[in-house]
Structure formats: structure tokens, C-alpha cells
2 protein chains.
Amino acid sequence: MKIENTQVQMRKGILEYCILHIISRGEVYASDMLEELTSAKIMVVEGTLYPLLTRLRKAGLVDYQWVESTSGPPRKYYKLTEAGQEFLAQLKTTWEELVASTNHITTNHNGTVQPVAESQKSKES
Amino acid sequence: MKIENTQVQMRKGILEYCILHIISRGEVYASDMLEELTSAKIMVVEGTLYPLLTRLRKAGLVDYQWVESTSGPPRKYYKLTEAGQEFLAQLKTTWEELVASTNHITTNHNGTVQPVAESQKSKES
DNA sequence: ACCAGATACCTTGTATAACAAAGTACTATA
DNA sequence: TATAGTACTTTGTTATACAAGGTATCTGGT
């Protein structure tokens, strides 16, 4: 079990939340998102972002329009749909509850368990 | 894309962190953990917890001993190994950074993007 | 006109992990 | 010796992050 795997797991879901948030603040294209996520120290790569954006679009949470660039190929500028805004609001609740729950557990909300008495121990198998 | 999926994703990784934390506070067996996680509103089921505990043990992060119960079959009481304690410390850092990064993005750390001018828009494809 | 480099987006294959559901095993009680 | 309750295990399914490689468009130099 590598620490990297767990870190990846932790990012999952949060990524979706962060991306919806970034899109909610104004129209952006993929490189904008990558830049913002990277500067916030949330690692993402293209191979993760593009399929995620496709999933969000297929689910009707985001929509995009092609916009020509003055310095390269056209870009897909994304924005939230109405359904996306509702979804984001739900995610916000989920996230906040999850952080609260985690804090509850990790801030030594202690006192439930006692060490097992030697006399009760059975043989190791 | 169902909200449940994203909620599941969000729990991933966090779960591992919470379980290691619970184990770090004293010897517990699976039902203890389920109870604590449930009361903290973090949903888990047996089919998730047991394989996770097996993974943690194979990775040398936790260890257990069989302890006879006065009211049923014997139980596996888990505790952290030294490697598990180090791992937990690393996870703590990862988690805190992730919360900070997410807050950074979601507390409208705004101002990067402008709406796209109508004149720049290309035709929808 | 052509080519190199930069930019933007897409696809395929692999590995991991949560979950549902069904199964095994042990204990106490009637 | 059934029955119920507790504890632990396993199998199959599904979702998704990521690495790596691919396609398409535009600009600037020659």
C-alpha cells in the first residue's frame, strides 16, 4: 500500500467538486482549470481532466462553446448548467459534512475504547 | 452522473485516514469501527471495511490479535504498527493540505476569469 | 509554401477500490 | 439440536484516476 495511492483516493471526488466550483465562477477552458488546480497544489493531469469534463457534460451539469483563440487552436469554454448549480450546492453540503465528520474523528474525540486485558487474549493464529 | 457516485468518491481515502485514526486510539475490532464511523455520519459497510483492513494489514500498517468474546465468536482487535503510525502522520499532512487547497478554491478566490465576449464566439459545433 | 513548435483536445489500457450480496464460522439460548 | 445473533470473508460489478500516446489547429520563421 503506497502513500501515493491513498493520496490519489483522497483527491477523488474533491476534484469534481473543485472543478465545478472553478467553472461556476466564470467561463474557463481546460488549461485555465489545470493552472488553477496546480497553483492550489491539487495535482491533475490532462488524462484525468478531459474525461471528467466529458462526464460532466454528458450528465448535463456543464455545457461549453467553442471560442477562437488569438494564439492557437479554438478552446472549449465551459459553464455550469442549472442542474450543475444544484449539483454543486449538494456537493458543497456533502463536502462540509465530510470535513466535519473527519474532524470529529481525528480530533481525538476519544474515550470509547480500553486496551484488551492480557487475560482475555487468545492465542495468535 | 449520480450524486451518490461523487459522494462515494469523496469518502475514498478519507475512510482509510479515519480508520487508521480510530485504530490509533486503542485496540478495536471491526464492529467498533463501524459504530464509530456511522455515528460520525461516515457511511461504511462490511464489504468495504473488511477488505480495507486486510489491505492495511498486508501493507504492515496494522496488526491484530484474536480475542475471545463473552458474547459470540472471537474478534480481531487491531492496533497500529510503527509503520502505520508514520503513515498516519503523512496522511494527516496530506489531508490538511487538501482541505486547505479546497478551501482556497471554493471560498471564491475569484478574479481570474472574464466572460467571453460575444464577438469572439465561434459557431457551436 | 512548408515545416517546427506550441497549444488544445481526445483516447486507450491498466490498476485500484467501494459496494452489494451471499457465504462461512462460532457462540449462546431455548 | 435448532435458531438467532455476532463476526469475519469472498466474489462480481462498476467507477475512475492516471500514463502514454494520438489528432487537430494555429503561428512564425525561412
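Reckoned from all heavy atoms, side chains included, excluding hydrogens, waters and symmetry mates. Letters A, B, ... are given to chains in the order of the sequence lines, protein chains preceding strands, and every chain is numbered from 1. Being a predicted model, the structure only gives us computed values, none of them experimental.
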Query - Single hit among A/V99, A/T93, A/T94 for side-chain contact (heavy atoms from CB on, under 4.5 Å) with A/E97 - result: A/T93
Nearest whole Å is fine: how far is [N] [atom2] from [X] [atom1]?
{"X": "B/E68", "N": "D/dA7", "atom1": "CD", "atom2": "P", "value": "14 Å"}
{"X": "A/N5", "N": "C/dA15", "atom1": "CG", "atom2": "P", "value": "12 Å"}
{"X": "A/L49", "N": "C/dA8", "atom1": "CG", "atom2": "P", "value": "13 Å"}
{"X": "A/L34", "N": "D/dA17", "atom1": "CG", "atom2": "C1'", "value": "14 Å"}
{"X": "A/L56", "N": "D/dA15", "atom1": "CG", "atom2": "C1'", "value": "14 Å"}
{"X": "B/R55", "N": "D/dT9", "atom1": "CZ", "atom2": "C1'", "value": "14 Å"}
{"X": "A/R11", "N": "C/dA17", "atom1": "CZ", "atom2": "P", "value": "13 Å"}
{"X": "A/I14", "N": "D/dA17", "atom1": "CD1", "atom2": "C1'", "value": "14 Å"}

Query raised in the report: Taking only residues two or more places apart in sequence, or in another chain, which ones meet B/A100 in a side-chain contact (heavy atoms from CB on, under 4.5 Å)?
Result: none
Query - Nearest-nucleotide pick for B/K76, side chain only, options being D/dC26, D/dC8, C/dA17 - result: D/dC8
Query raised in the report: Can you tell which of C/dC9, D/dT16, D/dC18 lies closest to the side chain of A/V8?
Result: D/dC18
Report summary line: A/C18 and B/I105 have their tightest heavy-atom pair at O-CG2, 3.9 Å
Report summary line: On a heavy-atom basis, the closest approach of A/L20 and A/V62 is CD2-CG1, 4.0 Å
**Report entry** All pairs passing salt bridge (Lys or Arg N to Asp or Glu O under 4.0 Å) where residues 71-96 of chain A contributes a residue, at least two apart
**Finding:** A/K92-A/E96
Query raised in the report: Does B/Q85 CD have over 12 foreign heavy atoms under 6.0 Å away?
Result: yes
Might you list the N or O atoms of the protein lying below 3.5 Å from N or O atoms in nucleotides 20-25 of chain C, with each pair's distance?
none

Query raised in the report: Looking at B/Y29, does any N or O in its side chain come under 4.0 Å of the phosphate oxygens OP1/OP2 on D/dA7?
Result: yes
Query raised in the report: Quick one: is D/dA7 close enough that its OP1 or OP2 comes under 4.0 Å of any side-chain N or O from B/S31?
Result: yes
Query - Within one Ile-Leu-Val-Met-Phe-Trp-Tyr cluster: A/L49 and A/I14, side-chain cutoff 4.5 Å - result: yes
Query raised in the report: Between A/G72 and B/Y50, which is nearer to the 5' end of DNA chain D once each is assigned its nearest nucleotide?
Result: B/Y50
**Report entry** Bend angle of the helix from C/dA1-D/dT30 to C/dA30-D/dT1, from helix axes over five pairs at each end, nearest 10°
**Finding:** 10°
Requested in this report: Have a look at A/S69 and say if it touches a base, only the backbone sugar-phosphate, or nothing, with a 4.0 Å heavy-atom cut-off.
Outcome: nothing
Query raised in the report: Nearest nucleotide by nearest heavy atom, which residue falls closer to the 5' end of DNA chain C, A/Q9 or A/R75?
Result: A/R75
Requested in this report: Nearest-nucleotide wise, let me know which of A/T54 and B/V44 is further upstream toward the 5' end of DNA chain C.
Outcome: A/T54
Query raised in the report: Which pairs, with at least one residue in residues 34-63 of chain A and sequence neighbours excluded, count as a ring pair (Phe, Tyr, Trp, His ring centres under 6.0 Å)?
Result: none
**Report entry** A/S24: partners by side chain to side chain donor-acceptor pair (under 3.5 Å), with sequence neighbours left out
**Finding:** none
Report task. Measure centre to centre between the rings of A/Y64 and A/Y77, then say whether the value is under 6.0 Å. Result -> no
